[in-house]
Structures are given as C-alpha cells and as structure tokens.
Amino acid sequence: MSKPQPPTPTNFIHDIVESDNASGKHGGRVATRFPPEPNGYLHIGHAKSICLNFGTAAKYGGTCNLRFDDTNPVTEDVEYVESIQADIHWLGFDWQDRLYFASDYFDRLHDFAVKLIQLGKAYVCHLSPDEIREYRGTLQKPGKESPYRNRSVAENLDLFRQMREGKLDENACVLRAKIDMNSPNVVMRDPVIYRIKKASHHRTGNKWCIYPMYDFAHCLSDSIERITHSICTLEFENNRPLYDWILDELKVESHPQQIEFARLNLSRTVMSKRKLMQLVNDKLVSGWDDPRMPTLAGLRRRGMTPAAIRTFCERIGVAKKRDTLVDVAVLEDCVREDLNRFALRIMAVLRPLRVVLTNYPEGQVDEFETENNPEDPAAGLRKLPFSKVLYIEEDDFREDPPADFFRLAPGREVRLKQAYFIKCNEVVKDASGKIVELRCTYDPETKGGDAKDGRKVKATLHWVSAAHAVETDVRLYDHLFTKENPGAEEEGVSFKDALNPESLTTLRLCRLESSVRAAKPGTHYQFLRHGYFFVDPVDSTPGKPVFNRVVTLRDTYAKAERARR
RNA sequence: UACCCGGUGGUGUAAUCGGUAACACAGAAGAUUUUGGUUCUUCUAUUCCAGGUUCGAGUCCUGGCCGGGUAACCA
C-alpha cells in the first residue's frame with residue numbers, strides 16, 4: 001500500500017520560483033492565477049494549467065487566483081463562468097475569496113489607457129482593419145507608420161473620450177500603443193489596445209462600448225492582483241515584450257514575470273476549442289459532457305476521478321517543448337491506479353451465455369460470500385445468490401480453444417468464483433449454429449471454490465444467477481479517434497475522418513449481480529475481469545442504473561491474442 | 001528566412017556550482033494470484049551534429065543541422 005513516493009516532481013517553473021525566492025525578488029511571495037476566458041468548456045489541457053498554477057502556489061505557500069479574462073463580450077457568457085468554476089472545484093482546487101474578473105478592472109484599465117495617451121505612448125488610429133494589417137508589414141518587411149500616429153495628446157484624449165461615450169462607430173477607430181513600426185517583433189508594431197464594441201457585457205452590461213485587448217488587460221490585471229509569476233502557454237511568447245512594455249511605460253509597482261510552457265496534447269483526441277465545438281455542433285458526440293470528450297465535464301461523466309487527473313498532470317511534467325503528444329495510456333494508468341484502491345468489485349456479465357447445471361437441484365439457492373475489494377479488507381464482504389441457471393461471459397467459452405486459452409471449453413473444468421467447479425458437457429446451438437446454452441455439471445465437493453482432493457483449474461470465471469440478475473445497459477467507451485494525433489493538420493484530411501466508429505458500444509440486457517439494483521449514480525465499480533465502470537448520473541433511473549465504462553482492466557490475454565493476429 | 005522558442009530511450013519528463021544519464025507510461029519475460037486484474041522481479045531502449053575548454057560535458061563555449069511559433073479591432 002505505502003509505496004515509496006517518487007521524488008516531488010519539479011519543473012523549470014519551480015526552478016524559477018525557487019531562484020526568485022532565494023534572491024528575494026518578490027519578497028518570497030508566490031502569487032499565481034488561472035485566467036480562463038469564459039467562452040467554452042474546460043478540457044484536460046486546462047487541467048494541466050490549473051494544476052500547475054494552483055499546485056505551484058500550494059507548493060510554495062502562496063496563493064492562486066481565479067480570474068476570468070472577460071474582455072470580449074461578443075464571445076463570452078455566464079454559462080461558461082459557472083461551468084468553469086464547477087469544473088475547477090471538481091478537480092479539487094479552491095481560490096477561496098479570490099474570484100476576480102478582468103471586467104472588474106475596466107475603470108482602472110481605462111484610466112491606464114488615458115495615462116498612456118498622456119505619456120504620448122498611445123494614439124487613436126482611424127485606419128480600417130484592413131489598412132492596419134497592411135501598414136503592419138510582414139514578418140520580413142518592416143511596417144509603416146499610421147498617418148494618425150502623431151496626433152496631439154489633447155486630440156487623442158478627446159477622441160478616446162468620444163470612443164468611450166459611444167459617439168463613434170465600431171471599426172471607426174481604435175486606440176493603439178505607440179511603440180515601433182520597425183520592430184522585428186510584429187506584436188510590437190503599434191498594437192491595438194482598445195477597440196469599440198457596442199455589445200452588452202455579461203457582467204458590466206451596457207456600461208462600456210470600448211473594451212481592452214488581451215495584451216493590455218492581461219498584464220495590468222496581473223499587476224493589479226500583484227501576481228508574481230504569470231504562467232501561460234507558449235503562444236504568448238511573442239507577446240511577452242508587449243506585456244513588459246506596458247507595465248514599464250505605466251511604471252506600475254508590481255511587475256509580474258510572464259513564463260510560458262507547452263500546452264498538453266493527448267493522443268487519440270483533439271483539444272482545440274474549434275474542433276471540440278465541431279464535434280458537438282455536428283452531433284458527432286452527445287454534447288460537451290459526452291463521456292468520450294476530453295472536457296472536464298466529459299471526463300467527469302465518464303467516471304474519471306479528480307485524483308487521477310491530478311496525478312496525470314503531475315506525471316506528464318511541464319516543459320517548453322512544443323508539439324509533444326502524451327500517450328492517453330498514461331491517463332488510463334492513473335485512473336486504474338486510483339480506482340483500484342477503492343472501487344467495489346462486482347460480477348457483471350456483459351455478453352451473457354446461459355449455463356444450466358444439470359445436476360444442481362431445481363429450486364435450490366446457495367449463498368456465497370465474496371470480498372468487495374481485495375485491495376481493501378475494510379470494504380467488507382457481500383453475499384451472492386447461486387442457482388441452477390446462470391450466465392457466464394460469452395468470451396469465457398470456446399468450443400475449439402487455442403492452446404493458451406484456459407477458460408471453459410467442452411469437457412473442461414473451471415471455477416466459478418467463490419462457488420463451485422463446473423464442467424462443460426454439452427453445447428446447445430440454435431438453427432443458425434449460434435451457441436445459446438451450455439449444459440454443465442457442478443462438483444458439490446468444491447463448494448466455495450476449492451477442491452478437497454487438491455485438483456486445480458486454470459481459470460476462475462465470474463457469473464450471475466439468472467433468476468437474481470439485474471438487467472441493464474452498459475456503455476463501453478473507447479478512444480474517440482483511431483489516429484494517434486488526429487489534430488495534426490494534414491491537407492485535404494479532416495480530423496473527423498479519423499473518428500473511431502467503435503468509440504461507443506451500448507450493450508443491452510447485460511446481467512449484473514443483484515446488489516447493483518441499489519447502485520447510486522456517481523458510484524464507481526470494478527466489473528470483475530472487465531474494467532472500471534461508473535453509474536451514469538444522467539441516464540440512470542431508480543432500480544436501473546446505467547453504466548459507463550471508465551477504462552478497461554489490463555488484459556494480457558486479449559493483448560496476446562491481438563498480437564497473434 | 002525578421003524575431004522568438006525548442007531538440008535526452010518508442011512516448012512524456014528528470015538529472016539544481018560540470019561528476020555513475022534516471023522516473024513513469026508503453027513493450028518483453030517470469031513469480032504470485034479464487035479477477036489472464038493487483039502486487040513483485042527482471043529485461044529492452046536515450047543525450048541532433050562537429051569542434052573546443054576540462055581529469056571529466058546532456059550541462060559551459062563556438063559553429064552547424066533539424067523542428068516549431070509569430071503578421072485578429074481573438075485570447
């Protein structure tokens with residue numbers, strides 16, 4: 001149980017924090033933030049960022065704020081503000097009373113913009129969007145200065161006021177920072193910092209018709225919150241000089257350090273908001289919480305645990321190497337490791353094959369005790385009813401077994417877990433030749449599953465008494481995509497072409513042991529020899545739990561069989 | 001090719017003044033097992049290249065090579 005813990009995983013960001021702490025750069029203070037834009041659902045890539053930000057703060061006795069980066073009212077919505085908070089809490093992190101919104105700072109942000117104008121470092125530009133792009137130049141060619149670049153401070157102040165008061169139309173003009181049109185970094189070629197958007201904001205309503213751009217709002221929000229380490233993904237690398245420029249020009253007291261890391265890519269799924277949105281809109285999945293989705297809502301509905309996701313985020317590490325692909329098997333291993341500890345074991349026959357014990361007395365019912373979790377004796381025992389007609393797994397019988405198959409076959413003896421040894425004597429088929437029933441005998445001398453004469457069997461099967469079984473639906477989930485990296489762009493090929501047609505298999509009329517009749521939605525079980533399953537919180541009804549497969553058990557036999565083919 | 005970033009087993013990471021290249025997953029073999037699960041043991045496999053400094057280089061220096069990011073009034 002108590003394996004020696006691996007050394008606390010470290011990463012280059014922790015190195016930076018430790019060297020800052022050693023030099024006293026922030027007075028030993030550590031303050032991070034997780035800054036989602038409320039325009040979509042969180043996915044496992046966000047979980048990496050959440051674990052990094054909250055985890056770093058926790059490791060060094062600091063704080064981590066939740067701040068919504070809600071500077072674009074056109075794409076954002078309260079629906080997401082709520083789902084994001086629920087998802088972070090579910091993952092196991094808490095921002096306590098530090099829930100912030102960039103929109104809370106709109107007044108101050110506006111004042112900073114005014115200050116920048118007064119400093120002669122920002123101007124109102126009437127170039128059209130197309131013209132701005134054209135004037136910006138290209139990656140190789142320098143840009144050229146806007147004809148509006150040298151307006152007086154007074155004129156800029158007046159125009160900016162008119163923008164704010166709604167006197168100017170959208171797209172009529174913008175406020176730009178006055179930096180350097182010849183900068184080798186295009187981000188620094190007089191970036192737009194405020195634009196007119198006559199849109200109602202989910203928090204500030206119609207108070208504003210100008211909204212700050214990310215680059216302007218983000219660094220200043222960090223500064224206002226006295227963030228020490230502003231951790232973000234690699235795509236903001238080129239924006240860092242702008243982040244620093246704004247804070248330097250405005251001479252703010254708090255100047256956080258932006259640090260970029262590589263976002264997560266997981267095999268056999270996609271992570272981009274756009275692609276996930278397509279899956280939902282095209283009805284290729286049932287919604288944002290479809291158990292096959294990499295969204296936190298999907299993973300939760302699937303039955304993945306927060307602890308497993310946290311372990312996963314720890315195991316994959318943090319670095320700056322781009323375009324890496326983490327094998328989804330790592331996630332699956334984390335889930336198995338967590339669930340193995342506490343999931344209660346039950347017998348579930350997914351593809352039932354009827355077995356009649358010809359020598360078992362009609363009407364007799366035996367009761368056997370079995371452990372709820374061999375990993376945890378404290379989980380106790382439960383009773384299983386046993387009778388003349390049973391179901392076993394279709395897969396557990398082969399009429400003509402290969403040499404390494406040691407489950408049931410004609411003339412062969414196996415153990416029914418905790419019950420008896422049984423021997424197959426007769427195979428009953430229907431007109432089409434399909435096996436519909438096995439006629440077997442049981443050995444009363446093996447009650448409990450051990451032979452008094454010491455003879456051994458090579459296999460132990462799970463089983464369910466037909467008369468006592470609960471019939472219900474079980475959904476087997478598999479990877480959404482067959483390709484390792486479906487998100488990798490290839491011309492002429494849509495990521496949707498790689499969708500796995502077998503990502504969902506719904507099994508009806510599965511036979512489960514009677515104890516699950518009372519299974520509560522949101523409970524995890526291990527179906528013996530199958531995998532971990534979760535009682536679906538949405539589709540289950542009283543008396544009829546519906547199960548989602550979280551992940552299969554390792555199956556070395558199936559693997560060997562696959563390798564043979 | 002303007003600027004920026006990155007290159008360590010199959011994959012993801014670690015190696016903290018330059019000192020035995022390690023951990024996890026994946027893969028292989030075996031032991032245990034009333035789950036072909038778990039657990040345990042063992043194995044396979046790694047520093048982009050070339051020079052230089054050094055007793056010693058994944059790490060430092062020089063020069064290459066390769067890959068990627070960036071030109072929204074998105075974040």
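Per chain, numbering begins at 1; letters A, B, ... match sequence-line order. Quantities reported herein were computed from a predicted structural model and do not represent experimental measurements.
In this structure, Arg415(A) fails the cation-pi test against Phe421(A), since its NZ or CZ atom is not both closer than 6.0 Å to the six-membered ring centre and inside 45 degrees of the ring normal.
Between Glu225(A) and Arg67(A) there is a salt bridge, since a side-chain N of the basic residue sits under 4.0 Å from a carboxylate O of the acidic one. Under the 4.0 Å criterion applied to side-chain N and carboxylate O atoms, Asp450(A) and Arg455(A) are not assigned as salt-bridge partners. By the 4.0 Å N-to-carboxylate-O rule, Arg263(A) lies close enough to Glu235(A) to be salt-bridged with it. Electrostatic pairing of Asp478(A) and Arg268(A) does not count as a salt bridge here, judged by no charged N lying under 4.0 Å from a carboxylate O.
The base of G36(B) has none of its N or O atoms less than 3.5 Å from a complementary donor or acceptor on the side chain of Arg529(A). Scanning atom types as modelled, one donor and one acceptor separated by under 3.5 angstrom connect the side chain of Glu375(A) and the base of G37(B). Side-chain to base pairing of Gln526(A) with U35(B): one donor and one acceptor N or O lie within less than 3.5 Å of each other.
Between Ser183(A) and Thr324(A), the one whose closest nucleotide on RNA chain B sits nearer the 5' end is Ser183(A). Looking at which nucleotide of RNA chain B each of Val318(A) and Asn238(A) is closest to, the 5′-most match is held by Val318(A).
When heavy atoms are screened at a 4.0 angstrom cut-off, Leu127(A) is found touching base atoms of the nucleic acid. No engagement by Glu260(A) is indicated, since no non-hydrogen atom pair under 4.0 Å with the nucleic acid exists. Using a 4.0 Å heavy-atom cutoff across all strands shown, Asp404(A) reaches at least one base atom of the nucleic acid. Residue Ile132(A) is in base contact, counting any heavy-atom pair closer than 4.0 Å across all strands shown. Within the nucleic acid shown, Tyr211(A) has no heavy atom closer than 4.0 Å to any nucleic acid atom. Leu234(A) comes within 4.0 angstrom of no nucleic acid atom, judged by non-hydrogen atoms across all strands. Contacts of Asp323(A) with the nucleic acid, taken as non-hydrogen atoms under 4.0 Å apart, involve only primed sugar atoms and P, OP1 or OP2. Among the protein residues, Arg189(A) comes within range of no part of the nucleic acid, since none of its heavy atoms lies under 4.0 Å from any strand. In this structure, Asp450(A) reaches the bases: a heavy-atom distance under 4.0 Å links it to at least one base atom across the strands shown. Contacts of Val330(A) with the nucleic acid, taken as non-hydrogen atoms under 4.0 Å apart, involve only primed sugar atoms and P, OP1 or OP2.
Side-chain N/O atoms of Arg133(A) include one lying less than 4.0 angstrom from OP1 or OP2 on A72(B). Distances shorter than 4.0 Å separate some side-chain N or O of Lys321(A) from OP1 or OP2 on U8(B). For the OP1/OP2 pair of G27(B) and a distance below 4.0 Å, the side-chain nitrogens and oxygens of Lys559(A) include at least one atom meeting the criterion. In this model, the phosphate group of G37(B) is approached by a side-chain N or O of Thr556(A) to a distance below 4.0 Å at OP1 or OP2. An OP1 or OP2 oxygen of A72(B) is reached within less than 4.0 angstrom by a side-chain nitrogen or oxygen of Arg136(A). The shortest distance between the side-chain N/O atoms of Arg195(A) and the OP1/OP2 oxygens of C74(B) is below 4.0 Å.
Following rounding to the nearest Å, Lys197(A) (NZ) and A72(B) (P) show an atom-to-atom distance of 15 Å.
Rounded to a whole angstrom, the distance from the P atom of G64(B) to that of A57(B) is 23 Å.
Tyr420(A) and Asp366(A) are linked by a side-chain donor-acceptor pair at a separation below 3.5 angstrom, with hydrogens and angles left out of the test.
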